[in-house]
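In each ligand, atom 1 is the first atom listed, and ligand 1 is the first ligand listed. Only this structure's heavy atoms are used, side chains among them; waters, hydrogens and symmetry mates stay out.
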Amino acid sequence: MFQSERFFRESWPAISQAVESPADAARAVQWIVGRAGLKPGARVLDAPCGFGRHSVEFAGKGYKVTGVDFNETELGRARESAGAAGVSLNLICQDMRDMDFSGEFDLAVNLFSSIGYFSDDEDRLLLDRFWRALSPGGVFVLDTRNRDQCVRSMPREERQRFEHWTLRIENSFDPITSRWLARWWRLAAGADDQPGDLIGESEIRLYSAHEMRAMLRPERWSRVDLYGALDGTPFSLDTPRLVLVARK
Ligand SMILES: C[S@@+](CC[C@H](N)C(=O)[O-])C[C@H]1O[C@@H](n2cnc3c(N)ncnc32)[C@H](O)[C@@H]1O
């Protein structure tokens with residue numbers, strides 16, 4: 001059991017499709033394909049894949065995609081959306097810490113703050129698994145929150161308004177552990193001044209660029225580049241995102 005396991009198993013499917021946009025995924029995939037110089041028919045690992053928004057995009061471009069996630073609800077949605085798009089995905093229901101690939105992939109992606117769920121040691125071991133999954137010359141893309149930007153600018157509260165409800169996120173950051181604690185609330189339409197219903201609580205370790213880069217062990221990659229978004233924006237203290245692109 002890890003701190004956010006209950007959140008991701010039970011609460012996440014209630015909000016994932018509201019907060020994770022397929023249009024953003026399409027733009028990100030377009031950039032990743034160009035940045036990685038992916039050849040036609042390349043093999044892609046998307047872990048965790050959630051409801052498959054990136055996986056389906058990659059598959060639509062003719063790549064052979066394996067998606068890993070431990071949430072059956074999300075995988076069911078991925079299966080459905082692949083069917084609707086007329087593409088096929090190899091979906092595996094598994095804890096990503098147990099992935100055991102070896103050289104099968106030309107590209108591996110870990111997107112939308114999908115690292116930091118475990119202890120630092122387990123996060124490091126997860127990065128090892130991505131390295132091992134890649135063939136020589138393969139590319140790993142990781143996209144997560146930029147800890148240093150969060151330290152300076154994390155709002156105590158965030159709100160996202162949807163057609164019939166509002167998502168309110170109560171944030172706190174523990175400077176001793178560098179873990180971001182979030183409480184996710186659902187507010188009914190027109191009830192913005194009410195506390196709302198608690199959807200769940202997550203706790204995620206945030207990493208500075210230098211920590212994440214060191215954890216990746218740059219010496220075993222031929223090259224590691226940093227960006228501030230999945231569109232080539234240069235990385236800085238002020239970019240909300242931290243993107244690493246590493247070539248094996
Ligand atoms: C923030 S979402 C990102 C999903 C996807 N990368 C995207 O951008 O749409 C995190 C995902 O991680 C999955 N997850 C959390 N812990 C996991 C674990 N230990 N093993 C596999 N999947 C996990 C959750 O089920 C959820 O789908």
Side-chain angles (χ1 to χ4, degrees), residues 1-32 44-60 65-82 85 89-101 105 107-130 133 140-145 158 160 167 169 171 179-182 184 199-207 229-231 240-244:
M1 192 84 184
F2 55 99
Q3 259 119 352
S4 299
E5 179 157 354
R6 192 157 166 225
F7 175 75
F8 282 118
R9 285 201 186 276
E10 296 170 16
S11 314
W12 185 249
I15 46 179
S16 60
Q17 288 172 306
V19 298
E20 297 181 317
S21 131
D24 288 351
R27 279 189 292 274
V29 165
Q30 188 66 33
W31 182 77
I32 291 169
V44 176
L45 170 64
D46 180 12
C49 63
F51 62 86
R53 58 189 181 132
H54 300 100
S55 291
V56 168
E57 276 299 319
F58 281 118
V65 183
T66 295
V68 173
D69 204 286
F70 76 167
N71 190 308
E72 260 301 351
T73 305
E74 295 295 80
L75 289 177
R77 289 170 176 169
R79 224 166 275 127
E80 244 172 56
S81 101
L89 301 175
N90 174 33
L91 294 170
I92 302 174
C93 187
Q94 188 181 38
D95 191 310
M96 57 186 161
R97 289 171 294 178
D98 297 330
M99 290 189 303
D100 195 17
F101 300 110
F105 296 100
L107 172 72
V109 297
N110 175 273
L111 304 174
F112 205 61
S113 311
S114 297
I115 186 94
Y117 300 168
F118 317 117
S119 67
D120 290 15
D121 282 344
E122 280 182 306
D123 283 340
R124 202 171 295 117
L125 289 173
L126 177 61
L127 295 179
D128 288 347
R129 291 183 188 275
F130 282 109
F140 176 50
V141 178
L142 178 145
D143 150 58
T144 191
R145 279 187 100 141
E158 290 168 86
Q160 283 185 46
L167 176 67
I169 310 165
N171 294 314
R179 295 186 88 91
W180 158 47
L181 279 98
W184 306 67
I199 300 166
E201 294 179 323
S202 59
E203 198 203 291
I204 299 179
R205 165 74 152 101
L206 300 184
Y207 292 100
L230 285 168
D231 60 5
R241 309 298 298 173
L242 161 64
V243 173
L244 277 97

Against heavy atoms of His54, which atoms of ligand 1 measure under 4.0 Å?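 Counting atoms of ligand 1 from 1, those under 4.0 Å from His54 are 7 (C), 8 (O).
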
Leu111 heavy atoms, cut-off 4.0 Å: which ligand 1 atoms fall inside?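 By the 4.0 Å cutoff, the relevant atoms are 3 (C), 6 (N), 8 (O).
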
Considering non-hydrogen atoms of the protein only, which is the closest contact for [atom], and what is the distance?
{"atom": "atom 20 (N) of ligand 1", "answer": "Met96 N, 2.8 Å"}
{"atom": "atom 14 (N) of ligand 1", "answer": "Phe70 CE2, 3.5 Å"}
{"atom": "atom 26 (C) of ligand 1", "answer": "Asp69 OD2, 3.6 Å"}
{"atom": "atom 5 (C) of ligand 1", "answer": "Pro48 O, 3.4 Å"}
{"atom": "atom 3 (C) of ligand 1", "answer": "Glu20 OE2, 3.2 Å"}
{"atom": "atom 19 (N) of ligand 1", "answer": "Asp95 OD1, 3.1 Å"}

Please determine, by modelled atom types, if Asn171 and Trp180 share a side-chain donor-acceptor pair under 3.5 angstrom.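 On atom types as modelled, these side chains qualify, holding a pair under 3.5 Å.
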
Could you check whether any side-chain heavy atom of Tyr117 comes within less than 4.5 Å of a side-chain heavy atom of Ile204, counting everything from C-beta outward?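 Yes, at least one pair of side-chain atoms sits under 4.5 Å.
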
Check Tyr117 against ligand 1 and report side chain, backbone, both or neither, counting heavy atoms closer than 4.0 Å.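 Tyr117 to ligand 1: side-chain contact only, backbone stays beyond 4.0 Å.
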
Any chance CD of Gln30 has more than 12 other-residue heavy atoms, nucleotides or ligands included, within less than 6.0 Å?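 Counting other residues, nucleotides and ligands, CD of Gln30 stays at 12 neighbours or fewer.
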
Polar-atom distance check: Phe112 versus ligand 1, any N or O pair below 3.5 Å?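 Between Phe112 and ligand 1 (N or O atoms, distance only) the closest approach is not under 3.5 Å.
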
Quick one: does Arg53 get an N or O within less than 3.5 Å of an N or O on ligand 1?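 There is such a contact, yes.
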
Check contact between Gln94 and ligand 1, using heavy atoms of the residue and a distance below 4.0 angstrom.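 Yes.
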
Mark the output for Phe2 as yes if a heavy-atom distance to ligand 1 is under 4.0 Å, and as no if none is.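 Contact present.
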
